[in-house]
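Contents: one structure, followed by commentary.
In this chain, residues are counted from 1 in sequence order. None of these values were measured; they are calculated from a predicted model.
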Amino acid sequence: MSAFNKFKASVPVAWSPNLYITLVRGIPGTRRLHRRTLEALRLRKCNRTVMRWNTPTVRGMLQQVKRLVVVETEEMFKARKENEAKHRVLRPPIVINHLLASATDSTK
């Protein structure tokens, strides 16, 4: 079991008021019932995330398509988005001096 799956298993989803649901597997080749459930959850494309209230109805839908989706609480979602934003932050440009150090000293 990966570290993410251990963390995901330890988080009590029942206590979170909102659930962030991400479709991580493709829809083609799935059963019609699963496709209809994903349509009801408004998940149409891979790697898209929707926010739904944590109700027994939604949890039952997620139980049907648990192989196709990843469920996160609000705290987990915000932490993941913050981590992705930090990764994408602009880095200072790399400055490369193509002149050799000895060539610059000899011109002086």
What's the spacing between [X] [atom1] and [Y] [atom2] if we round to 0.5 Å?
{"X": "L43", "Y": "L68", "atom1": "CG", "atom2": "CG", "result": "9.5 Å"}
{"X": "K66", "Y": "Q63", "atom1": "NZ", "atom2": "CD", "result": "4.0 Å"}
{"X": "R48", "Y": "L38", "atom1": "CZ", "atom2": "CG", "result": "14.0 Å"}
{"X": "Q64", "Y": "R31", "atom1": "CD", "atom2": "CZ", "result": "10.0 Å"}

Could you report the tightest heavy-atom contact between [X] and [Y], atom names first, then the distance?
{"X": "L23", "Y": "R44", "result": "CD2-C, 4.4 Å"}
{"X": "R67", "Y": "R25", "result": "O-CD, 3.1 Å"}
{"X": "L41", "Y": "M61", "result": "CD2-SD, 3.9 Å"}
{"X": "N54", "Y": "R59", "result": "OD1-NH1, 2.6 Å"}

Quiz item: Would W53 and N18 satisfy side-chain contact (heavy atoms from CB on, under 4.5 Å), going step by step from the backbone distance to the final call?
Solution: CA-CA 5 Å; W53 290 339; N18 296 324; 3.3 Å; yes
Quiz prompt | I21 and its side-chain contact (heavy atoms from CB on, under 4.5 Å) partner, picked from V70, V65, V69 | solution = V69
Quiz item: Should we say atom CD of E84 is surrounded by more than 12 heavy atoms from elsewhere, each under 6.0 Å from it?
Solution: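 Yes, because the 6.0 Å sphere around CD of E84 holds more than 12 heavy atoms from other groups.
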